[in-house]
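What follows is one structure encoded as structure tokens, with my remarks underneath.
Being a predicted model, the structure only gives us computed values, none of them experimental. Note: hydrogens, waters and symmetry copies are ignored here, and every other heavy atom, side chains too, is used.
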Amino acid sequence: MLRKVLFLIFSIAVLLLGFLLGSTNQQLTELNLLVVKLPLRVVDIAVIFLLVGIGLGLLFSLFFALQRKTKHWLTNSTEKT
């Protein structure tokens with residue numbers, strides 16, 4: 001229980017530190033995609049990549065968790081018949 005509370009406090013502290021440091025950096029840069037150039041702040045680009053990374057990580061972990069849970073469904077159904 002204590003580890004969970006410490007992890008939560010540490011995570012909140014890291015997020016607050018990231019927001020404080022990110023809010024001070026207002027430098028504009030161009031994000032070159034295949035068909036468009038977007039002038040964005042460095043903070044915005046970091047947040048976009050962070051959210052995309054978290055989303056992909058959750059998607060892959062969900063995929064592997066479902067794959068592990070459903071691995072024996074077909075073998076169990078063929079053994080019953």
Using a 3.5 Å cut-off and no angle test, enumerate the donor-acceptor pairs between side-chain atoms of residues 27-42 and protein atoms at least two apart in sequence or in another chain.
residue, atom, partner, partner atom, Å
Arg41, NE, Asp44, OD2, 3.1
Arg41, NH1, Gln26, OE1, 2.7
Arg41, NH2, Asp44, OD1, 3.0

Grouping ILVMFWY residues whenever side-chain heavy atoms fall under 4.5 Å, the cluster of Val14 otherwise contains Phe10
Just list the side-chain donor-acceptor pairs under 3.5 Å for residues 54-65, sequence neighbours left out, or say none.
residue, atom, partner, partner atom, Å
Ser61, OG, Gly57, O, 3.1
Ser61, OG, Leu58, O, 3.0

Connected to Leu8, directly or through other members, by ILVMFWY side-chain contacts below 4.5 Å are Ile12, Leu16
Residue pairs passing the salt bridge (Lys or Arg N to Asp or Glu O under 4.0 Å) test with at least one member in residues 9-26, sequence neighbours excluded, are none
The complete set of salt bridge (Lys or Arg N to Asp or Glu O under 4.0 Å) pairs with one or both residues in residues 5-15, sequence neighbours excluded, reads none
Tell me whether Ile45 is reachable from Ile48 by hopping between hydrophobic residues (I, L, V, M, F, W, Y) whose side-chain heavy atoms are closer than 4.5 Å.
-> yes
